[in-house]
K.L.:
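Here you go, one structure.
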Amino acid sequence: MLESAINQASGLAGMASPSAPRMMAMVSHGDTHSELPMLWRLCWALTEFGYALTVLDATTQESAANPGLEQLLDNAFWRAPVAEDGPAWNVIPAACGVQALCQEPGARAHKLAHLGQLFAHESVVILYGKSEWLVPLMADTGTEPLLALSRSKTSLLSSYVALKRLLLQGRLEPNVVNWARTSADANDAATASLTKCAKDFLSYDVNALHIASPTEDDPTSGAIQRLALRLMERAIPLHTPNVAMPLSRPSARLASALAMAGAH
């Protein structure tokens, strides 16, 4: 199975040229017990497939002592330093920069193309932030943001709020991932509750993935590798501004949720 995944990654490599990086997203809804380990494993898997990547951490604000996306937007010649003893990917704070992009006037295609120009040396840009900042940049694009769950008591409520915003405001269907300690410990209660809420109140069927947390000796399991490739397939090409951004058509599941929302 591992060999086939690697071969598939080789085929996908042509999708991300240095001049056209692709952007995927991970939702931050306050569940750091699942989000941060999942994000780290995802980055690890992508770099093992040969992708150069940068994470835009929209949960962390830029500052003079900790510059990031805001400074890049103001000065495209500035580059975030990469520690030689750090991970194989670059993480930069991006809260102010992402909010500025969302709020500034102009076509979204131009905003995403600007990111593409800033990170033209990368293959992948991962935007990690709250759903309210992902929607303005990614609505109707067909990308599938990653939405992770855990046993946290607040995870159900916060994940439901994020799911509702992604579906109804962004017309985006996330990859809901149940992050379990082992394959047997599937956190069925959290997933079952989110599935029931989505069905009852949104008329949406959640197809959650159950992924066991890998060990330190095996940080990228086959399940994480397959998830990374799926996210890469659905990632947004950060084209130049004169290239139209393709808009996706809602699936039957999403159309049902949108119809129910319109009826209320």
K.L.:
Could you grab the distance from atom CG of Leu127 to atom CE of Met24, nearest 0.5 Å is fine?
P.N.:
11.5 Å
K.L.:
Minimum heavy-atom separation for Glu70 to Glu62, with atom names?
P.N.:
N-OE2, 3.0 Å
K.L.:
At their closest point, which heavy atom of Ala148 faces which heavy atom of Met26, and how far apart are they?
P.N.:
CB-CE, 4.2 Å
K.L.:
Decide whether Leu229 and Trp40 are clustered together by the hydrophobic rule: side chain heavy atoms of Ile, Leu, Val, Met, Phe, Trp, Tyr closer than 4.5 Å, transitively.
P.N.:
yes
K.L.:
For the atom pair NE2 (His210) and CG (Asn178), what is the distance rounded to the nearest 0.5 Å?
P.N.:
5.0 Å
K.L.:
Working to the nearest 0.5 angstrom, can you tell me the gap between Gln225 CD and Arg41 CZ?
P.N.:
12.5 Å
K.L.:
State yes or no: do Leu36 and Ile211 share one hydrophobic cluster built from I, L, V, M, F, W and Y residues joined by side-chain heavy-atom distances below 4.5 Å, directly or via other members?
P.N.:
yes
K.L.:
I need the minimum non-hydrogen distance between Val55 and Cys43, along with the two atoms involved.
P.N.:
CG2-SG, 3.6 Å
K.L.:
Between Leu209 and Leu146, is there a shared hydrophobic cluster once you connect ILVMFWY residues whose side-chain heavy atoms come closer than 4.5 Å?
P.N.:
yes
K.L.:
May I have the step-by-step check of side-chain contact (heavy atoms from CB on, under 4.5 Å) for Phe119 and Leu72, ending in yes or no?
P.N.:
CA-CA 10 Å; Phe119 300 102; Leu72 271 174; 3.6 Å; yes
K.L.:
What I'd like to find out is whether the side chain of Phe201 reaches to under 4.5 Å of the side chain of Lys196, using heavy atoms alone.
P.N.:
no
K.L.:
Does some side-chain heavy atom of Leu231 sit less than 4.5 Å from a side-chain heavy atom of Leu46?
P.N.:
no
K.L.:
I'd like to know if the side chain of Glu35 and the backbone of His29 have a donor-acceptor N/O pair within less than 3.5 Å.
P.N.:
yes
K.L.:
Check for me, please, whether Tyr160 and Leu149 land in the same ILVMFWY cluster - side-chain distances under 4.5 Å, paths through other members count.
P.N.:
yes
K.L.:
Determine, step by step, whether Thr60 and Val91 satisfy the side-chain contact (heavy atoms from CB on, under 4.5 Å) criterion, reporting the C-alpha distance in whole Å, the side-chain angles of both residues, the deciding distance to 0.1 Å, and the verdict.
P.N.:
CA-CA 10 Å; Thr60 302; Val91 181; over 6 Å; no
K.L.:
Atom CD of Glu144 and atom CG of Leu166: how far apart are they, to the nearest 0.5 Å?
P.N.:
11.5 Å
K.L.:
I'd like to check Leu172 versus Thr141 (side-chain heavy atoms, cut-off strictly below 4.5 Å). Are they in contact?
P.N.:
yes
K.L.:
Side chains of Leu168 and Leu202: does their closest heavy-atom pair fall under 4.5 Å?
P.N.:
yes
K.L.:
Check Met23 against Thr143 and note the closest heavy-atom contact, atom names and distance.
P.N.:
O-OG1, 4.3 Å
K.L.:
Between Leu167 and Glu173, is any pair of side-chain heavy atoms under 4.5 Å apart?
P.N.:
yes
K.L.:
Restricting to non-hydrogen atoms, name the atom on Ala58 and the atom on Gly129 that form the minimum distance, rounded to 0.1 Å.
P.N.:
CB-CA, 3.9 Å
K.L.:
Can you tell me how far the CG atom of Leu39 sits from the CH2 atom of Trp44, to the nearest 0.5 Å?
P.N.:
13.5 Å
K.L.:
Considering only heavy atoms from C-beta outward, does the side chain of Asn175 approach that of Leu147 to under 4.5 Å?
P.N.:
no
K.L.:
Does a salt bridge link Glu132 with Arg165, judged by any charged N lying under 4.0 Å from a carboxylate O?
P.N.:
yes
K.L.:
What's the shortest heavy-atom distance between Ile92 and Leu69, and which atoms?
P.N.:
CD1-N, 4.0 Å
K.L.:
Taking the side chain as everything from C-beta on, heavy atoms only, tell me whether Val125 gets closer than 4.5 Å to Leu115.
P.N.:
no
K.L.:
Mind checking whether Val161 and Val177 sit in one hydrophobic cluster, side chains of I, L, V, M, F, W, Y counted as touching below 4.5 Å?
P.N.:
no
K.L.:
Arg230 pairs by side-chain contact (heavy atoms from CB on, under 4.5 Å) with which of Arg226, Met232, Arg234?
P.N.:
Arg234
K.L.:
Is it the case that atom NZ in Lys130 sees more than 12 heavy atoms from other parts of the structure closer than 6.0 Å?
P.N.:
no
K.L.:
Could you give the distance from CG (Leu101) to CZ (Arg108), rounded to the nearest 0.5 Å?
P.N.:
12.5 Å
